[in-house]
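These values consider heavy atoms only, across backbone and side chains, with no hydrogens, waters or symmetry-generated copies.
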Amino acid sequence: APALTAADGRPASGFRVFDETLASGGRVKAIAVPGQGGASRRETDELTETAKRFGAKGLVHLSVAAGGELHGPVAKFLAPDTQAALREASGAREGDLVLVVADSHAVANDVLGRLRADLGARLALADPGELAYCWVHRFPMYQWDPEGRRWDATHNPFSGVVPEDEALLTTASGSLDERSPDDPAGRARAMQYDLVLNGWELGGGSIRIWRRELLERSFGLQGYSLDQMRERFGAMLEAFEYGAPPHGGIALGIDRWAMVFAGQTNIREVMAFPKTQSGTDPMLEAPSPPDPGQYAELGLRFVGVPGRD
């Protein structure tokens, strides 16, 4: 879903929602739905509700008419060159439906990605007989937590940083105690990777940080004080003083692989002993009630659940 911006990079689409989003540092992104330019009002309303359920504030829909002209509720606000840029960015052709989300970078990507997968299944656009593998790597290292005023790791707090991005692990203020969403750390990429098949994650992993000072710097961006680092991760930090080598790995979900090969969409269909949503195992009748001796061994006493016999 390419981003829509003015030719010179400035927000100048002519549509206030787009311009305000771009001016605030957000993104305007779009995808094209092949052959759905004639979608009914009910269908576009349903797509809008789906986008909102995925986290969008709203969804702009435009159909591509003969000659490339865009039709839709906001088309009258878009200048011809903006319409052309939108068609080019989305790859839309005559008869297609263009769906646009204006929001933060993360929300726009997430919503359109989930809409694309949803529509692909609903319209049978994906060939079920094709095995389409994909490696996804160099994930964003962090995501900003506005409540905690810190950078949270997108994968795990020990993932390594791409070597050329190591200098970005800092703040705009220069102090790890004064973090902001404008910090260079927000542009850092991690040495993380996922293996994907037909849209399903089959496995993932990372190359870890193996140098103490770099790990402490990363922990600082994540909001840990030096005392908290030593209390929670002291053994690891000390171990790095002895020359830990570069290390990493990947965890593969064989059951997920089996699910895709079997043409299923629910992983429980290929699990030998699937559990219910409440965590019980019907085949093994687990978990079973503890006996009084087990309670006594742990110094516990079961007094019952209020409102339940």
Side-chain angles (χ1 to χ4, degrees), residues 1-41 43-52 54-127 130 132 134-140 186-187 189 196 198-199:
L4 172 67
T5 58
D8 59 1
R10 293 183 301 170
S13 72
F15 181 45
R16 181 175 58 82
V17 173
F18 290 176
D19 292 346
E20 289 180 353
T21 300
L22 292 169
S24 64
R27 303 294 295 274
V28 178
K29 307 197 79 174
I31 59 172
V33 187
Q36 295 301 303
S40 67
R41 173 68 180 272
E43 290 171 325
T44 55
D45 284 349
E46 182 181 329
L47 286 171
T48 300
E49 290 305 311
T50 301
K52 289 181 178 178
F54 290 159
K57 299 181 182 70
L59 181 71
V60 171
H61 58 87
L62 299 159
S63 58
V64 184
E69 185 179 0
L70 297 181
H71 290 175
V74 307
K76 61 184 178 182
F77 300 108
L78 304 177
D81 58 340
T82 301
Q83 292 193 21
L86 183 53
R87 289 195 307 273
E88 181 180 356
S90 64
R93 300 179 179 179
E94 181 179 332
D96 291 349
L97 179 68
V98 180
L99 302 177
V100 190
V101 171
D103 214 303
S104 67
H105 181 85
V107 171
N109 284 345
D110 182 55
V111 171
L112 286 176
R114 295 168 71 180
L115 270 179
R116 177 177 176 272
D118 180 73
L119 287 165
R122 189 188 311 179
L123 302 175
L125 298 176
D127 181 358
E130 180 180 354
C134 174
W135 277 107
V136 183
H137 65 111
R138 295 196 169 193
F139 287 78
R187 305 194 304 272
R189 297 164 296 170
V196 179
N198 292 4

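- Here the closest heavy-atom approach between residue E94 and residue A65 is recorded as CG-O, 3.8 Å.
- Side-chain contact between H61 and L47 is absent, with no heavy-atom pair separated by less than 4.5 Å.
- Using a cut-off of 4.0 Å between Lys/Arg side-chain N and Asp/Glu carboxylate O, R122 and E46 are scored as salt-bridged.
- Side-chain contact between V60 and V17 is absent, with no heavy atoms from C-beta onward closer than 4.5 Å.
- Among all heavy-atom pairs drawn from P34 and L125, the shortest one is CD-CD1, 4.2 Å.
- For the side-chain contact (heavy atoms from CB on, under 4.5 Å) with Q36, the lone residue among L97, L119, V98 that qualifies is L97.
- From T50, atom OG1 reaches atom CG of D45 across 10.5 Å, with rounding to the nearest 0.5 Å.
- V64 approaches A92 most closely through the heavy-atom pair CG2-CB, 3.9 Å.
- Closest of all the heavy-atom pairs between S90 and L86 is OG-O, 2.9 Å.
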side-chain contact (heavy atoms from CB on, under 4.5 Å) evaluation trace for V100 with F18: CA-CA 10 Å; V100 190; F18 290 176; 3.7 Å; yes
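- At least one side-chain heavy atom of L115 sits under 4.5 Å from a side-chain heavy atom of L59.
- A side-chain contact (heavy atoms from CB on, under 4.5 Å) with L99 is found for exactly one of V111, V33, T48, namely V33.
- With R27 contributing its side chain and A108 its backbone, the two residues share no donor-acceptor pair below 3.5 Å.
- Here the CD atom belonging to E20 is positioned 9.5 Å from the CZ atom belonging to F15, to the nearest 0.5 angstrom.
- If you take NZ on K29 and CG on D103, they are separated by 12.0 Å, rounding to the nearest 0.5 Å.
- Under a 3.5 Å cut-off, the side chain of D96 and the backbone N or O of G37 do not form any donor-acceptor pair.
- Counting heavy-atom neighbours within 6.0 Å of R189 CZ, excluding the residue itself, gives a total above 12.
- Considering every non-hydrogen atom in both P73 and K76, the closest pair reads O-CE, 4.2 Å.
- Contact between S24 and T21 at its shortest, heavy atoms only, is OG-O, 2.9 Å.
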